[in-house]
Amino acid sequence: MEVGLSSLKEDYRIYILRKTVFMIACISVALLALGLSVSFGKYEIGFFESYGIIIDHLRGIEPADEMKHYIVWELRLPRAIMAIAVGAGLGIGGAAMQSMLRNPLADPYTTGVASGASLGAAVAIILGICLIPSLTGQYAIVVNAFFFSLIPATIIVLISKYKKTTPTMIILAGIGVMYIFSATTSLLMLIAEPDSLAEVYIWTVGSLGRASWENIPLVITFVIIGIIIIQTNSRNLNILAMGDKNAISLGVNALRTRLTLLVTIAFLTAGIVSFTGTIGFVGLIAPHIVRIFLGSDNRYLVPASAALGAALLIVADCIAKEAGATGLPVGVITAIIGGPIFLMILLKMRSKAWN
Amino acid sequence: MSGDAGSSEFSSEDMKEQYHSYILRKILFIILCFILVIILGGYALTIGGREIAHLDVYRILWEHLNGAEYPRGTSEWWDDYIVWEIRLPRVLMAIIAGISLSVCGVAMQSMLKNPLADPYTTGMASGAVFGAVVAIVLGMSFTTAMGMYGIVGNAFIGGLIPALVIITISKFVRTTPATLILAGIALSYMFNALKTLLLITTNEENIQEAYIWQIGSVQDAVWADIPLMFAMTVIGSIFLLSTSRQLNLLTLGDDSARSLGLDASQFRTVCLILLSLMIASIVSFTGIIGFVGLVAPHMVRMILGADNRFITPASMALGATLILAADVVGRTIVAPGELPVGIIMSFIGAPIFLYLIIRQKKGYGEVY
Amino acid sequence: MATIAIASILVVSGLGLVLLSQESDGYRSTDFPERLMIFGNANNDDYLDEDDITTLEKIIAGELDAEDHPLADANQDGVIDQKDIDMVRKMIDREPMEIYYLNAHGDVKSVQYPVGDVAVVGTGIMGAVMSIGADEKVAARSFGATYDRTLIGDLYDVPIISDSLFRADVELVSNIDGITAILTQESTRYVQNADVFENAGIDVIRIAATDGLDTIGGILTLGYLLGFEEQANEYVRFCDEIISYINDRVGPDMMADDERVTSLSVVMINSVSGKDSAYFSATQIAGSINLADWDDTTQRFQEGDEWLLSYDPDFIIHARGIGYGDVDIQATWDQYGQYFTEMRAYKEGNYHILNGNPPVIVRIAYIASIFYPDIIGEDFGDIKHQEFLDKFSNADNLNVKEDVVSTINVHMLAA
């Protein structure tokens with residue numbers, strides 16, 4: 001008896017330990033990459049110099065080199081912070097989507113948010129129309145992208161309310177709406193001037209370059225609220241995974257929980273996509289990798305996905321900043337790296353982690 | 001012999017008769033579909049920037065086939081040139097693409113036991129286009145025969161990647177239709193991003209040109225494009241038509257199929273290679289035309305049931321009709337300009353896709 | 001009586017002097033070889049005349065090397081012989097016949113001379129046709145919002161034969177009688193379905209109309225093909241004068257490198273021109289040192305990018321097709337300047353938005369006057385632009401200084 005109990009305790013401790021170690025590892029990598037990324041970039045700034053600039057700024061000292069100060073403080077630092085926030089948001093959104101819809105291939109964009117945002121951006125760029133008429137330029141694009149990205153989610157929520165929907169139907173409805181929005185965006189792009197077309201294309205690919213001290217507070221707000229809501233629902237997510245009928249018998253209203261999460265993830269993703277465009281694969285892959293180490297308990301899966309997502313994205317952005325002659329948008333890097341990883345996941349998929 | 005079954009309402013004669021009329025109705029429907037293709041194709045031939053009377057178009061075709069020649073530059077010469085060199089290839093390309101993509105859709109839906117599978121939703125079309133782009137970037141071009149085969153060959157390889165992935169995951173994991181489509185979407189996204197990357201870095205300013213190239217369109221079709229598409233479509237269609245029974249068996253599950261004499265894996269592999277060839281040969285010339293392989297079989301199934309022996313030919317005809325209709329609509333809405341077929345098809349296909357999902361009463365293999 | 005007599009004599013002599021001065025002006029462009037790309041132009045100058053026969057005779061006699069005269073083989077049969085001389089003689093008489101020329105891609109093409117009515121595809125080539133006054137030859141044009149009505153006048157109203165700037169639709173072209181050729185620009189983007197036209201007996205003529213100094217040769221060739229040589233030569237003279245003016249002051253031998261300004265040029269929204277681009281050479285011709293060191297035609301400088309910040313040009317020239325209509329100067333400035341606010345050139349007020357609608361030569365004049373206002377003259381661009389508008393365009397009484405926005409820079413904005 002004694003032996004059984006203590007080995008059980010032992011196993012449990014190792015279990016908790018693994019989770020903690022993993023979380024710490026992810027967060028450390030993220031922080032490390034955050035620190036390193038400040039020194040990455042096409043403009044030559046020495047490694048220690050970049051930290052010197054940050055420290056000087058914080059101490060209120062006048063910058064020695066205006067240009068370097070601008071680059072480190074106005075370009076790289078906001079971008080790195082944005083990468084952490086966005087990566088965390090996408091990671092946690094992906095984890096929640098996959099658990100809630102019981103599908104390993106769901107990601108934050110499954111509700112069609114990305115296609116809505118692209119359409120919004122296209123309308124702003126190509127037609128020059130903004131939902132708030134007085135806005136122009138980047139502001140118009142962000143506002144449009146945000147509101148348009150919520151339309152697909154709204155449609156799906158409405159469908160869910162009026163018709164009994166299974167998770168699969170939610171996914172497929174999301175896909176259907178995505179196709180419709182894509183078609184509209186394609187039409188717009190067809191009639192666009194070459195300049196506007198290029199702008200829309202590049203916006204859609206997903207980039208962290210638009211990060212600035214102005215928009216970071218907004219993004220961080222969205223992400224933090226999203227994380228809080230999702231984390232408090234993580235037990236419910238576990239219960240949902242057992243099936244809707246079982247969930248009800250345990251006192252969890254499956255439909256309500258799902259709707260809450262849908263809306264939360266929609267806002268979270270909308271808040272991200274409006275500023276970055278579609279950065280793919282992070283929300284898809286981060287939960288999978290976490291699952292390999294931590295299993296499917298959402299109470300740990302969810303925050304760990306956030307941490308890993310953040311780490312993944314900032315590393316990807318470091319690569320993106322140095323790639324090619326001029327740097328590449330991070331969306332391209334996540335597609336290049338994430339794509340094959342995704343394929344590997346698909347090919348190795350075993351039912352274990354899911355049933 | 002009547003009266004054999006004794007007191008039963010239905011003698012075997014009656015049953016045979018009923019069965020025959022059942023089959024007859026289906027065959028009639030299929031024939032109707034083909035007639036529809038011819039009518040619509042004939043109508044599509046009459047649409048264009050040059051004013052040619054409807055009946056004249058057919059007369060010109062007839063006389064051209066009889067070897068008529070006109071002095072160059074005259075009005076009749078132009079009528080003949082336009083109808084024969086410009087419009088006819090375009091209509092043929094639309095028909096061939098419609099046939100090919102629908103037949104691929106039918107086959108995929110049986111192979112993967114997934115009502116939502118088609119060349120587009122599974123990501124095969126995107127993969128094929130990516131392959132084509134790689135070939136073009138490497139310097140191959142349609143102007144030489146070798147270049148054309150090179151591009152289509154690359155498209156074939158490109159289309160195989162998603163195909164292999166899809167097949168593998170559907171074998172090893174009990175996937176819901178949703179999973180498959182999600183995989184297809186992720187694959188499409190990946191290929192699109194890679195393709196964009198290629199196009200942006202090699203041809204900085206020509207994003208618009210690249211974008212227009214890959215939108216599904218039958219504009220600028222020329223006779224030189226037709227033979228390869230036609231050959232692949234004919235081969236593929238004949239194969240799939242003659243193996244309709246085997247396709248039916250696949251939907252029963254691999255083990256049941258084996259007990260009935262079919263090696264499901266091998267058959268799937270052969271089908272897959274063929275499908276990839278077909279898709280590559282279409283997509284390299286037309287760009288991405290989505291939803292045909294989804295919508296046509298579904299509409300046909302609503303009327304004819306699920307037997308592939310009937311669905312396959314009917315879908316071929318209906319698919320051709322769909323693309324022809326899209327072409328006609330695209331040319332009429334913004335005459336004398338053109339809205340590409342791909343865009344029209346997505347506006348038709350996406351709502352139908354959504355509708356199909358919403359109206360589904362039972363779930364798609366959901367486990368509660 | 002006497003006053004009438006004297007008055008009439010004065011008038012007549014005045015007229016006579018005017019006429020005489022035109023004729024005895026006798027201007028011939030001599031310093032610029034290899035521009036008239038017609039086979040038969042054996043001596044490589046701007047004219048097809050007796051001098052070419054002389055050159056051919058010398059080549060046949062062995063005094064001159066055929067390799068130095070790539071345009072000598074008039075009938076493209078591979079040999080230089082009497083047949084070429086006969087052909088050139090007929091060409092000198094401007095007889096209708098089939099002739100050969102080099103198009104913008106350097107391909108040898110044949111065409112029926114003189115070229116009849118054409119369908120124009122491309123705003124640059126439309127401008128070229130307008131500059132040589134060949135309006136009557138334009139029977140149709142492609143669709144496009146970028147054709148500027150103010151500039152091309154009635155040419156804007158010709159029938160439209162496509163739904164895109166870059167295309168010509170065969171069916172629509174066939175609707176118009178008398179079109180013998182499609183006239184278009186060097187980029188392969190234009191008229192991609194050229195084969196369809198060629199097979200139908202309609203030539204597709206590609207002339208350099210957008211790329212720096214190549215446009216001068218393009219216009220000469222175009223003028224010959226359409227039968228508007230005199231006007232073409234006049235326009236070419238206008239171009240040559242601008243180039244000479246600039247060269248004499250800031251040309252390759254006129255300044256030391258460290259006296260020159262440095263520059264970068266931008267096109268579209270944020271595509272910075274590389275060594276392969278027309279704007280790169282434009283800024284070089286205007287006497288600056290362009291700091292671009294990449295081979296691609298352009299490289300994008302997106303929001304958040306750093307790479308351009310490593311370059312420190314004195315001037316940034318951003319070419320945009322602003323057009324000849326009303327322009328919201330502040331909005332244009334905000335929209336296109338936003339990417340370059342951290343560059344020293346911008347901060348010092350040396351970021352200029354340049355109207356891309358005038359022809360390349362005029363833009364070069366503007367660029368030179370921006371770089372070296374003291375040496376070239378602040379107004380040089382405006383003067384030449386006005387000359388262009390008055391003599392070579394269909395614009396109606398347009399005053400460059402009052403009616404047109406040719407450049408935008410920070411000093412023009414409301415304080």
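We name chains A, B, ... by the order of the sequence lines, and we start the count at 1 in each one.
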Open item on the list: Looking at A/Ala192, is its backbone amide N or carbonyl O close enough to the side chain of A/Ser196 to form a donor-acceptor pair, meaning the two atoms are under 3.5 Å apart?
Closed with: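 No, because the side chain of A/Ser196 does not come within donor-acceptor range (under 3.5 Å) of the backbone of A/Ala192.
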Open item on the list: For the backbone of A/Leu240 and the side chain of A/Arg102, can you confirm whether one donor and one acceptor N or O come within less than 3.5 Å of each other?
Closed with: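 Between the backbone of A/Leu240 and the side chain of A/Arg102 there is a qualifying donor-acceptor contact (under 3.5 Å).
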- [ ] Taking atom types as modelled, find out whether B/Ser315 and B/Ser102 have a side-chain donor-acceptor pair closer than 3.5 angstrom.
- [x]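 Note: B/Ser315 and B/Ser102 side chains miss the donor-acceptor criterion.
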Would you say the side chain of [Y] lies within less than 4.5 Å of the side chain of [X], judging by non-hydrogen atoms?
X        : Y        : answer
A/Lys321 : A/Leu328 : no
B/Val328 : B/Ile47  : yes
A/Ser160 : A/Ile170 : yes
A/Leu262 : A/Met100 : yes
A/His288 : A/Pro104 : yes

Between [X] and chain B, which part of the residue has a heavy atom less than 4.5 Å away: side chain, backbone, both or neither?
X        : result
A/Thr278 : both
A/Ile180 : both
A/Leu190 : both
A/Ala325 : neither
A/Met178 : side chain
A/Pro340 : both
A/Ile191 : neither
A/Thr110 : side chain

Task: Leading residue by heavy atom contact count with chain A [cutoff under 4.5 Å; candidates B/Ala186, B/Pro162, B/Gly342] - done: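 Option with the top pair count is B/Ala186.
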Heavy-atom distance under 4.5 Å to chain A: side chain of [X], backbone, both or neither?
X        : answer
B/Ile352 : neither
B/Phe353 : side chain
B/Phe291 : side chain

Under 4.5 Å, counting heavy-atom pairs only, tell me which of [options] racks up the most with chain B.
options                      : result
A/Leu284, A/Thr184, A/Ile159 : A/Thr184
A/Phe181, A/Tyr109, A/Tyr179 : A/Tyr179
A/Ser182, A/Ala183, A/Gly324 : A/Ala183

Open item on the list: Taking the ring centre of each residue, are A/Phe281 and B/Tyr189 less than 6.0 Å apart?
Closed with: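 Yes, close enough.
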- [ ] Identify the two heavy atoms, one from B/Met108 and one from B/Asp118, that lie closest to each other, and give their separation to 0.1 Å.
- [x]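 That closest heavy-atom pairing would be SD-C, 3.7 Å.
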